[in-house]
Amino acid sequence: MIRTTGLRKVYRTEEVETTALDNINLEIDAGEFVAVMGPSGCGKTTLLNILGLLDRPTRGSYLIDDRETSDLGERQLSAIRKTNIGFVFQSFNLIDELTVFENIELPLLYLGLSRSERRDRVMEQLERFRIGPRRDHFPPQLSGGQQQRVAVARAVVVRPKLILADEPTGNLDSVHGEEVMGMLTSLNEEGATVVMVTHSQTYAECASRVIHLFDGKIITENLVGMNNA
């Protein structure tokens with residue numbers, strides 16, 4: 001599903017040049033659950049942003065579903081993001097002025113679905129993630145665990161092939177962190193490809209493969225977790 005070749009990302013200012021990613025060669029098959037680990041500043045989030053088509057590499061090739069992305073325009077990249085990729089962030093990134101229902105519905109508005117279909121899809125996620133009673137609440141009225149459930153529901157309401165999670169448990173206690181990991185594992189078991197950035201070795205072991213980055217380079221890849229027990 002994903003293949004990068006010679007991927008490099010350099011950030012430049014007038015005085016400083018910083019290499020965030022250096023010669024990343026990576027393949028992720030459809031249906032895999034991959035965890036990306038490494039110290040702060042090693043390039044984990046940069047890699048996730050490029051995989052999610054939120055950023056472009058300075059050099060190299062990135063194919064998603066055998067489609068080269070380097071020569072695509074922003075409108076084409078946006079179309080792929082809207083229909084194929086779901087994002088889960090550490091900081092939830094919910095809109096405080098929208099209700100739980102409206103936050104989950106938001107990605108569907110860009111797909112041109114009818115009002116009834118949008119409602120059916122949102123109600124499905126509200127039930128699935130046990131947040132139906134909170135549908136008319138606003139994010140500041142929710143606990144951290146509830147907000148992340150809403151964020152995961154929003155990420156998957158478009159039924160994406162690829163879910164990208166950037167430290168999805170970082171702002172949660174252990175109970176809610178395990179709950180979110182259970183959600184991601186369940187989504188993966190249903191066929192979604194999951195790529196997750198994490199600092200937690202425990203949560204990384206929920207994946208089928210762990211990639212370790214250091215100074216923008218892949219230094220090790222290991223098969224781990226329950227899928228390989």
Side-chain angles (χ1 to χ4, degrees), residues 1-2 28-34 48-49 51-55 62-67 69 72-166 168-169 172 176 179-196:
M1 181 181 190
I2 285 174
I28 298 175
D29 293 332
E32 269 200 278
F33 188 159
V34 175
L48 215 63
N49 286 342
L51 296 183
L53 304 177
L54 297 174
D55 200 358
Y62 171 34
L63 280 74
I64 181 168
D65 282 339
D66 295 322
R67 186 177 187 185
T69 63
L72 298 181
E74 184 52 43
R75 181 174 295 182
Q76 294 167 302
L77 295 176
S78 177
I80 295 174
R81 284 195 301 268
K82 287 189 296 186
T83 56
N84 291 286
I85 304 174
F87 298 90
V88 181
F89 303 95
Q90 177 179 348
S91 56
F92 314 136
N93 283 12
L94 301 175
I95 299 175
D96 288 347
E97 294 76 20
L98 299 182
T99 65
V100 166
F101 186 100
E102 291 166 339
N103 266 283
I104 298 173
E105 181 187 33
L106 191 60
L108 301 176
L109 296 175
Y110 301 113
L111 298 183
L113 301 180
S114 67
R115 184 174 182 177
S116 62
E117 185 170 357
R118 295 199 308 270
R119 181 185 182 281
D120 288 346
R121 287 210 195 183
V122 175
M123 294 303 293
E124 177 186 353
Q125 300 307 323
L126 288 169
E127 180 178 354
R128 173 177 192 166
F129 293 109
R130 307 186 312 280
I131 46 180
R134 303 288 185 178
R135 57 169 290 175
D136 296 320
H137 287 65
F138 294 91
Q141 298 173 303
L142 306 178
S143 69
Q146 290 169 337
Q147 289 189 60
Q148 194 61 300
R149 269 189 273 165
V150 175
V152 175
R154 180 188 58 188
V156 303
V157 74
V158 298
R159 300 168 184 167
K161 299 177 182 178
L162 174 63
I163 298 172
L164 301 176
D166 192 358
T169 63
L172 303 176
H176 289 114
E179 182 178 64
V180 168
M181 290 309 305
M183 295 178 198
L184 293 176
T185 300
S186 177
L187 292 166
N188 175 246
E189 290 172 348
E190 293 170 13
T193 305
V194 179
V195 182
M196 176 185 68

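A donor-acceptor contact shorter than 3.5 Å links the side chain of Thr193 to the backbone of Gly31. Panel note: side chain Arg118, backbone Leu108; no donor-acceptor pair is recorded below 3.5 Å. With Arg81 contributing its side chain and Leu53 its backbone, the two residues share a donor-acceptor pair below 3.5 Å. Under the 3.5 Å distance criterion, the side-chain polar atoms of Gln148 are left unmatched by any main-chain donor or acceptor of Ser91. A donor-acceptor pair under 3.5 Å links the side-chain atoms of Thr185 to the main chain of Met181, judged by distance alone. Of the possible polar contacts, one joining the Asn103 side chain to the Leu98 backbone as a donor-acceptor pair under 3.5 Å is found.
In this structure the side chain of Asn84 reaches within 4.5 angstrom of the side chain of Lys161, judged on heavy atoms. At a threshold of 4.5 Å between non-hydrogen side-chain atoms, the residues Glu190 and Leu187 count as touching. Residues Glu105 and Val157 fail the side-chain proximity criterion, which asks for heavy atoms closer than 4.5 Å. Proximity of Val180 to Val88: side-chain heavy atoms (C-beta onward) are nowhere separated by under 4.5 Å. Taking 4.5 Å as the limit, some side-chain heavy atom of Phe87 sits within range of a side-chain heavy atom of Leu54. Arg159 places a side-chain heavy atom less than 4.5 Å from the side chain of Arg121.
Taking CG of Leu162 as the start and CD1 of Ile64 as the end, the distance is 5.5 Å to the nearest 0.5 Å. Expressed to the nearest 0.5 Å, how far CE of Met123 lies from CZ of Phe101 amounts to 7.0 Å. Between atom CG of residue Leu126 and atom CZ of residue Arg128 there is a gap of 12.5 Å, rounded to the nearest 0.5 Å. Of the inter-residue distances, the one linking Leu106 atom CG with Ile104 atom CD1 reads 11.0 Å to the nearest 0.5 angstrom. Rounding to the nearest 0.5 angstrom, the gap separating the CG atom in Leu63 from the CD1 atom in Ile2 is 10.5 Å. Within the model, atoms CD of Glu179 and CZ of Phe129 stand 10.0 Å from one another, a figure rounded to the nearest 0.5 Å.
For Ala155 against Pro160, the heavy-atom pair with the smallest separation is O-CG, 3.4 Å. The two atoms that bring Ile131 and Ala153 nearest to each other are CD1-CB, 4.4 Å, heavy atoms only. Closest of all the heavy-atom pairs between Asp166 and Leu48 is CB-CD2, 3.6 Å. A pairwise comparison of heavy atoms in Arg67 and Gln76 identifies NH2-NE2, 3.8 Å as the closest pair.
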- [ ] Dump the intermediate steps for side-chain contact (heavy atoms from CB on, under 4.5 Å) on Arg115 and Arg119, then the final yes or no.
- [x] CA-CA 6 Å; Arg115 184 174 182 177; Arg119 181 185 182 281; 5.7 Å; no

Task: Derivation and outcome, side-chain contact (heavy atoms from CB on, under 4.5 Å), residues Met196 and Val34 - done: CA-CA 6 Å; Met196 176 185 68; Val34 175; over 6 Å; no

TODO: Could you give me the CA-CA distance, side-chain angles and deciding distance for Tyr110 and Val158, then say whether side-chain contact (heavy atoms from CB on, under 4.5 Å) is met?
DONE: CA-CA 10 Å; Tyr110 301 113; Val158 298; over 6 Å; no

- [ ] Show your reasoning for whether side-chain contact (heavy atoms from CB on, under 4.5 Å) applies to Leu172 and Phe92.
- [x] CA-CA 11 Å; Leu172 303 176; Phe92 314 136; 4.0 Å; yes

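Around the CG atom of Asp66, the shell of radius 6.0 Å holds no more than 12 heavy atoms that belong to other residues, nucleotides or ligands. Around CD of Glu127, the count of heavy atoms belonging to other residues, nucleotides or ligands within 6.0 Å does not exceed 12.
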Listing, residues 134-143 side-chain donor-acceptor contacts under 3.5 Å, not counting sequence neighbours, or none:
{"from": "Gln141", "atom 1": "OE1", "to": "Phe138", "atom 2": "N", "distance (Å)": "2.7"}
{"from": "Ser143", "atom 1": "OG", "to": "Gln146", "atom 2": "N", "distance (Å)": "3.2"}
{"from": "Ser143", "atom 1": "OG", "to": "Gln146", "atom 2": "OE1", "distance (Å)": "3.4"}

